[in-house]
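Convention: sequence-line order gives letters A, B, ...; per-chain numbering from 1.
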Amino acid sequence: MTPAVLRDLVNADEALVRRGRLVRGTVRIDVGGERWYLTIEQGRIAEAGTEVPGGAQTRLSLSAGQEEWDAFWEAEPRPGHHDLMALLRRRVLTVEGDTHLFMSHLRYIKDVLEKPRSVATRRIPS
Amino acid sequence: MTAFVEPISGRYVHMDLPAGRSRIYVEEAGDGPVPLLCLHTAGSDSRQYRHLLNDPDVTSRFRVITFDMPWHGRSSVPANWRDAEYTLTSDDYSAMVLTVCDVLDLGRPVVMGCSIGGRIVLRLAREHPDRFRALIGLQSGAAVAPYYDREYLHRPDVHGGELSVALMSGLVGPAAPAQDRAETLWHYAQGGPGVFKGDLHFYKDESLDAEDLARIDTTRCPLYLLTGEYDYSCMPEDTLALAEIIPGAEVVIMRGLGHFPMSEDHAAFMQHLGPVLERIQAS
């Protein structure tokens with residue numbers, strides 16, 4: 001998964017963009033040691049990359065290890081790996097910055113970050 | 001098109017609860033010889049048990065009863081709800097369940113509660129084992145450490161219904177039928193301001209003491225604990241920890257299910273609840 005692919009997946013979902021229409025600002029996702037910057041404008045991801053966007057301050061950051069995001073982005077994630085709140089409950093996700101933005105738009109943020117599952121390879125049951 | 005009328009009847013029952021005279025909405029179905037009183041989760045209401053009330057395999061053997069707690073569903077609120085801060089306490093909740101049993105003349109019923117309801121059955125098991133034929137805790141745990149700021153659930157600049165749905169959405173098992181997932185979350189969307197938060201006071205601030213739990217006597221009242229594996233509020237290990245403490249408590253971890261088994265996927269739930277009900281009936 002890359003920030004650009006995530007951007008395209010989110011922007012292609014009109015209902016999700018509509019639900020996030022009051023969200024704006026830069027959100028940073030720490031995927032292990034890599035930092036993704038998503039600049040959101042009215043629910044649409046205007047910019048996505050690993051470089052700090054010019055002039056933009058990060059409003060909110062979500063940080064977890066690479067292995068946690070890998071498990072979270074499986075097509076059918078295992079229990080405890082299937083929801084941002086589950087990661088918080090297991091103390092493997094850190095949310096910092098504008099927590100009001102996070103809580104008031106929680107469903108939008110959860111849905112944005114679950115988007116990679118839609119293009120993940122499904123495991124064949126053994 | 002043919003109409004279908006569900007066999008559920010609803011009525012309002014006025015009773016004295018610790019918080020005062022209350023108008024409580026009660027639903028029931030079935031004419032089985034054993035009353036089965038069902039307790040809904042925090043921030044929701046008795047509609048969570050709609051499938052159980054409609055299942056003839058259950059209602060032929062049990063009289064299934066459920067009610068909306070005060071402030072929830074169709075039950076009334078106090079006149080000062082605008083200015084009062086609703087807070088559910090263990091004492092009030094326990095007294096409420098006992099009062100409902102008395103007012104409805106249920107004798108020695110089975111009580112099944114989910115989440116906060118799964119927590120209160122532990123207290124009922126400890127303090128009133130002879131009043132119940134059996135107790136069933138769904139998603140039962142002794143305590144939940146806070147993992148988000150509950151204040152966000154009740155403030156004018158955050159939509160409590162939207163936030164409640166967002167918090168609960170991951171607690172529904174991934175294979176739940178779409179209609180039941182939607183219905184389960186809609187109940188949360190419809191909760192009154194501050195009600196979910198007030199229920200969570202009981203769930204998160206009033207944990208049960210291990211020494212007290214160890215004194216539960218399951219020979220006087222059988223205790224069954226059923227927990228869905230996708231529940232991260234009460235995780236399976238939380239329920240398994242209870243079974244380590246409570247002698248004789250029986251645990252079932254329900255594969256594929258989440259925090260709302262009776263509401264999110266009745267068919268899958270009955271695979272686990274069915275054998276428990278058979279054992280209770282035979283006891």
Closest approach of [X] and [Y], non-hydrogen atoms and distance?
X	Y	result
B:Tyr232	A:Ala86	CD2-CB, 3.4 Å
A:Thr99	B:Tyr152	OG1-OH, 3.2 Å
B:Gly170	A:His82	O-NE2, 2.8 Å

Other residues, nucleotides and ligands only: do more than 12 of their heavy atoms fall within 6.0 Å of CD on A:Gln66?
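Buried by this count: over 12 neighbours within 6.0 Å.
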Hey, what do you get for CG (B:Leu167) to CZ (A:Arg107), rounding to the nearest 0.5 Å?
10.5 Å
To the closest 0.5 Å, what do you measure between CE (A:Met85) and CE (B:Met168)?
8.0 Å
Student check: side-chain heavy atoms of A:Arg89 and B:Val144 closer than 4.5 Å:
yes
Please look at [X] and chain A and tell me whether the side chain, the backbone, both or neither of the residue comes under 4.5 angstrom of a heavy atom of that chain.
X	value
B:Glu162	neither
B:Leu153	neither
B:Tyr148	side chain
B:Pro146	backbone
B:Asp157	both

Taking every non-hydrogen pair under 4.5 Å, which of A:Arg91, A:Glu114, A:Arg90, A:His105 racks up the most with chain B?
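Of A:Arg91, A:Glu114, A:Arg90, A:His105, A:Arg91 has the most heavy-atom pairs under 4.5 Å with chain B.
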List the steps, then state whether side-chain contact (heavy atoms from CB on, under 4.5 Å) holds for B:Arg155 with A:His100.
CA-CA 11 Å; B:Arg155 47 187 286 170; A:His100 187 277; 3.3 Å; yes
